[in-house]
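Residue numbers start from 1 in every chain, and the chains themselves are labelled A, B, ... in the order their sequence lines are given, proteins ahead of strands.
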Amino acid sequence: MWNLTEKKRRRIIKSHFLARGLVWLLVAGIVLLVLGTLMIALFTSLKTPEETLVSSFRILPEEWRWENYLDVIKGDIWGRYFFNSTFITVVVVSASILISALAGYAFARMEFKGRQPLFLLFLCGMMIPSQVYIIPQYILMRSIPLVGGNDLYGRGGMGFLNTYWGLIIPFLAAPLGVFLIKQFYMGFPRSLDEAARLDGCNSFQIFRYIYLPLSKPVFATFAILKFTGTWNDYFYSLIMTNSKTMYTVQIALQQYKGEYGIEWHYLMAATILSVLPILVVYIFAQKYFTQGIVTSGLK
Amino acid sequence: MPWMLINNYGRSEMQITKRSSGRRSLSPYLYIAPAFFVYAVFILIPLLCAIVFSFTNYNIQNMKFTGLANYARMLGDAKFHQALLNTLLYSFFVVAVNLVLGLLLAAILGQRWFKGSAFCRSVLYIPYIVSPIAASMIWLYLYDSKVGVVNMVIKGLGFSGKSWLLDEKTALPCLIVMGIWQGVGYCMVVYFSALKNIPDYLYEAARIDGASAVTQFFKISIPLLSSTTFFLLVMTMISSFQVFAQIMVMTGGGPLSSTTTIAHQIYENAFVKYSMGYASSQAVVLFAIVLIFTLIFFKYGNKEGDVELD
Amino acid sequence: MKKRVLAVLMSGMMLTSLLAGCGAGDDQKDGGQGGGTDTQKEQESDTGSEGHEEVTLTLWWPGSGDAYEELANGLAELVEAEYDWIKVDPLVIPWSDYDAKMNVAFSGGTAPDLFGVGLNTLPNYVQTGNLADMRAELGEDWDGWEDIPENIQEYTTYEDVWYGVLMCDLRPFMWRKDLFEKAGLDPDTPPSTKEELMEYAEKLTEYNDDGKVEVAGFQIQTSGFSDQTLFSAMLMCGISDFWDENYDLTLLEPEVVEAAEYCKSFVDNGLCDYSEGIATTSFTEGLAAMTLNTACNELGNLKETIGFDNIGVAEPFMDGVNFVGGTIVCANKNSKNMEAAMLAYEVMASTKGCELAGTTAGFCPPRESALEAYVAQAPEIYGPIAEILPKAKTYGPLNPYFADFRQGAIMDNMEQVYYGKVDVKEGLKNAVDAYKQLREERDANN
């Protein structure tokens with residue numbers, strides 16, 4: 001490197017900067033495209049109904065109608081929808097983190113029969129569209145014994161239908177969470193366990209006092225993914241609920257797509273509202289996100 | 001078919017035995033019990049019901065065992081063949097572009113000289129968190145022939161616009177573009193984290209040997225990312241094979257069946273035509289296809305054995 | 001080992017019991033709800049004549065948007081105002097997933113007491129064995145028999161059983177007065193023959209700089225539920241059924257071919273570009289000047305977007321070539337609270353209930369006594385619709401193979417015709433063949 005002439009070196013640096021500039025422009029272009037689609041949704045939500053239907057398109061609204069949001073919120077029991085969605089999602093995320101962490105720990109650090117096929121069995125559940133088993137699932141939910149007016153044999157009442165339980169429990173199963181957490185724990189040095197074991201810790205104490213406190217990144221990563229999946233569910237929630245007070249944000253959103261036409265300004269406003277909570281979660285958890293994904297077994 | 005996978009995994013089982021911490025006891029089962037119980041009862045058992053449905057004429061009211069009649073019917077169902085082709089095309093392009101573009105973006109955004117990396121990553125990730133229904137609404141508006149932005153831009157460039165979603169040649173590509181928009185951020189973020197995990201000294205060593213950034217990328221990053229690629233391949237494939245909400249909202253499978261997918265056919269058969277049995281058999285076929293692809297990826301994509309999906 | 005056997009055994013048991021639950025939905029329901037009915041009866045005999053135990057009924061209605069919410073809530077309030085011991089829990093469910101939700105609820109034995117059913121899907125609902133025979137329930141002296149036009153009563157009859165009151169989604173002929181004026185046509189006179197309609201369409205179609213259709217003269221639906229436009233054209237050609245009483249398609253009759261040719265000629269003459277998105281919403285969005293395929297439910301929106309001043313509504317167009325569909329108010333035969341459900345039904349199907357359907361969600365009320373309030377909203381717009389009601393037609397006797405007809409045969413093949421893949425005759429023949437095959441498969445399966 002040292003014996004390059006001054007001229008050559010300058011040329012290399014110049015082409016280097018040129019290349020970087022081009023790459024930067026390319027990435028900026030892609031990011032702008034994505035940002036553009038999102039901005040159009042945002043600006044459409046602030047337009048008047050007339051303006052959304054005019055063919056002479058302008059990106060910015062002519063008059064900024066923040067009332068669209070107020071109209072949407074006042075037009076329906078959005079407070080309730082947000083409460084339902086938030087409650088369900090928060091419970092699902094925290095509970096599934098816990099049970100996935102337990103399972104992930106066992107997979108990463110214990111030996112037992114039948115562990116190999118298990119993750120694939122989990123994966124299989126993701127490979128069939130849920131529409132085909134919604135009916136058995138529904139009957140199952142209705143037939144839970146001793147709840148919702150049911151007798152010991154699961155008859156006579158509504159079981160878990162139209163309850164938070166019904167909307168929470170099936171989401172607790174989280175193959176992806178078990179996998180992510182398992183991968184993450186496998187990256188921990190074994191000496192950590194051994195040292196603790198010498199100090200007289202049992203396997204649960206190791207999990208509780210050593211693994212859990214170090215799990216923040218992977219929990220944050222999984223939380224974002226699980227939050228997204230649960231918050232965005234539509235079909236299952238629609239089938240399992242029987243009253244408006246149990247509806248979630250996604251079901252409410254569907255109400256803005258009319259049978260005969262779409263009121264774009266309201267639809268986009270409702271869309272933006274429905275996305276905001278996940279966005280906030282993402283922004284807060286983002287810092288851990290990249291540390292949490294460990295897909296490789298590099299040691 | 002999990003037994004095939006066990007065979008595949010004979011090798012890794014030995015690894016596990018080697019590093020296991022001894023004591024065989026009940027406790028591992030206690031740890032996995034909550035996760036497995038919920039999954040088995042609320043997902044797996046209903047799913048097994050659906051597999052049983054596929055051998056019946058279940059029409060939501062009555063059920064009679066009909067053997068392989070549903071599967072035979074699929075052979076002659078032109079719409080299903082079209083759906084199969086569309087699904088394969090859609091998945092191929094979405095998965096391929098998302099992985100390649102995701103990796104490229106991750107590599108570039110990971111460079112120290114790149115200013116605004118965090119902002120760019122956030123923006124690219126947002127489409128992934130927008131619900132499929134909401135995303136479909138946004139793109140419906142973008143593609144609209146009269147008020148949509150896509151046409152505005154194209155007209156601004158001097159070409160004539162068209163109804164993208166009502167032309168059988170452009171409808172599926174339009175959905176693919178949207179699929180890429182939705183998924184690329186996720187692939188990028190996963191690759192980005194994986195790249196961060198590659199130790200710096202490997203690159204330094206290469207730099208000392210005089211390898212260019214491009215050479216480093218191909219000789220170090222890509223091989224070391226193989227397990228990440230494998231993970232993303234399986235995950236994005238599983239989801240793209242089931243693309244449904246977008247189709248339902250944006251095209252309804254049309255025009256001329258050019259955008260109907262297997263998942264869309266399944267919904268239509270189950271709840272519009274009341275042929276749950278037939279829909280279930282289509283779901284089983286979809287399942288078989290995805291499983292076969294997963295197994296192929298396992299065999300060829302995971303040679304190093306450094307990802308242990310057990 | 002033992003544990004594994006136990007686990008397999010347990011899951012096997014659950015699987016079988018679930019499958020039994022899915023298959024024999026009816027038995028399960030009778031078992032489950034029979035008990036409920038008994039206790040209900042006991043309670044009622046306990047309280048005797050002093051009053052009734054409070055009862056909560058569920059009401060599901062398909063649709064999306066505020067108008068349907070208003071209707072469902074309004075109906076609930078009407079019932080509650082009449083009977084203080086009945087509480088109605090209304091729920092509006094998006095059309096796109098309504099049938100899925102209803103079917104899952106039927107197979108789970110948890111269907112609502114009262115619910116709306118789309119006219120065309122009625123036979124499928126009847127097959128679930130859950131629909132009450134409303135003529136028997138309401139009795140011969142119910143005032144509706146005199147009040148509801150005969151054609152409307154007939155349309156909700158399937159295999160000689162009458163299933164309920166049809167809240168009508170009627171398709172009047174509507175035109176844009178302002179666009180008529182712009183094209184030099186008399187804004188107060190609609191075309192009166194199908195040749196004239198074509199002529200008018202030619203004058204009204206507007207093109208943009210690229211030569212593409214900007215505003216279509218006449219709204220022809222080329223994709224999606226293309227059967228609706230075809231049906232209007234069929235009525236103009238003098239045939240009023242898609243199928244005969246044996247559910248065999250009549251698509252190869254010369255009148256249907258003529259009608260399909262007529263629809264196609266709009267595309268061929270460049271009056272509507274199939275790939276320019278001429279859909280059900282064109283007229284509503286101001287992209288079509290005339291329509292026979294815009295639901296009267298849309299008038300509420302049209303008032304906002306185009307304004308009633310600019311809209312003309314024809315009296316029975318060409319003496320009644322108007323299509324009528326709609327939502328039937330049905331009751332669940334297996335309801336736990338049959339007595340209350342029937343009382344509520346009577347209120348919902350009363351003049352007041354029908355008026356509500358007309359003033360909220362824009363259905364044309366099926367009762368003549370309710371038309372006055374409906375028309376009063378805007379006489380020049382709603383008046384003609386009221387005139388159309390007794391003359392409006394629907395596809396023919398209710399068809400249990402309707403999904404095979406629409407999703408399996410006509411939609412795909414008419415699309416092929418419009419997109420120029422096959423000619424009209426061939427397309428219709430393909431539709432007939434496809435239908436025949438699907439129908440045979442369905443029969444063989446049941």
For atom NZ of C/Lys303, is the number of surrounding heavy atoms from other residues, nucleotides or ligands below 6.0 Å larger than 12?
->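 Not buried by this count: 12 neighbours or fewer within 6.0 Å.
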
Does atom CH2 of A/Trp78 have more than 12 heavy-atom neighbours from other groups under 6.0 Å away?
->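 Correct, the count exceeds 12.
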
What donor-acceptor contacts under 3.5 angstrom involve side-chain atoms of residues 97-106 of chain C, with partners at least two apart or in another chain?
unit_1, atom_1, unit_2, atom_2, d
C/Asp97, OD1, B/Tyr267, OH, 2.6
C/Asp97, OD2, A/Tyr234, OH, 2.6
C/Tyr98, OH, C/Trp60, O, 3.4
C/Tyr98, OH, C/Gly116, N, 3.4
C/Tyr98, OH, C/Gly116, O, 2.6
C/Asp99, OD1, C/Tyr125, OH, 2.5
C/Lys101, NZ, A/Leu238, O, 2.9
C/Lys101, NZ, A/Ile239, O, 3.0
C/Lys101, NZ, A/Thr241, O, 2.6
C/Lys101, NZ, A/Asn242, OD1, 3.3
C/Asn103, ND2, C/Asp99, O, 2.9

Residue pair C/Ile93 / A/Tyr247: nearest heavy atoms and the distance that separates them =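 So the minimum-distance heavy-atom pair works out to CG1-OH, 3.5 Å.
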
A/Ile139 to C/Gly108 - nearest heavy-atom pair and separation =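 Residues A/Ile139 and C/Gly108, closest heavy atoms: CG1-CA, 4.1 Å.
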
From CD (A/Gln255) to CD (C/Glu69), nearest 0.5 Å =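 These two atoms lie 5.5 Å from each other.
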
With rounding to the nearest 0.5 Å, note down the distance linking CG in C/Leu91 to CG in A/Asn162.
->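 C/Leu91 CG to A/Asn162 CG: 8.5 Å, rounded to 0.5 Å.
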
Does the side chain of C/Ser64 reach to within under 4.5 Å of the side chain of A/Gln254, using non-hydrogen atoms?
->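 The answer is no, as the side chains (C-beta and beyond) never meet within the 4.5 Å cut-off.
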
Stepwise, does the side-chain contact (heavy atoms from CB on, under 4.5 Å) test hold for C/Asp66 with A/Tyr256?
-> CA-CA 9 Å; C/Asp66 294 342; A/Tyr256 287 90; 5.8 Å; no

Considering only heavy atoms, which portion of C/Glu304 lies under 4.5 Å from any heavy atom of chain A: side chain, backbone, both, or neither?
->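 C/Glu304 has no heavy atom closer than 4.5 Å to chain A.
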
Atom group of C/Ser96 that falls short of 4.5 Å from chain A, counting heavy atoms |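 Side chain of C/Ser96 only, per the 4.5 Å heavy-atom cut-off to chain A.
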
Go through the structure and list residues passing side-chain contact (heavy atoms from CB on, under 4.5 Å) with C/Asn120, not counting sequence neighbours.
->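 Result, side-chain contact (heavy atoms from CB on, under 4.5 Å) vs C/Asn120: C/Tyr395, C/Phe402, C/Arg406.
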
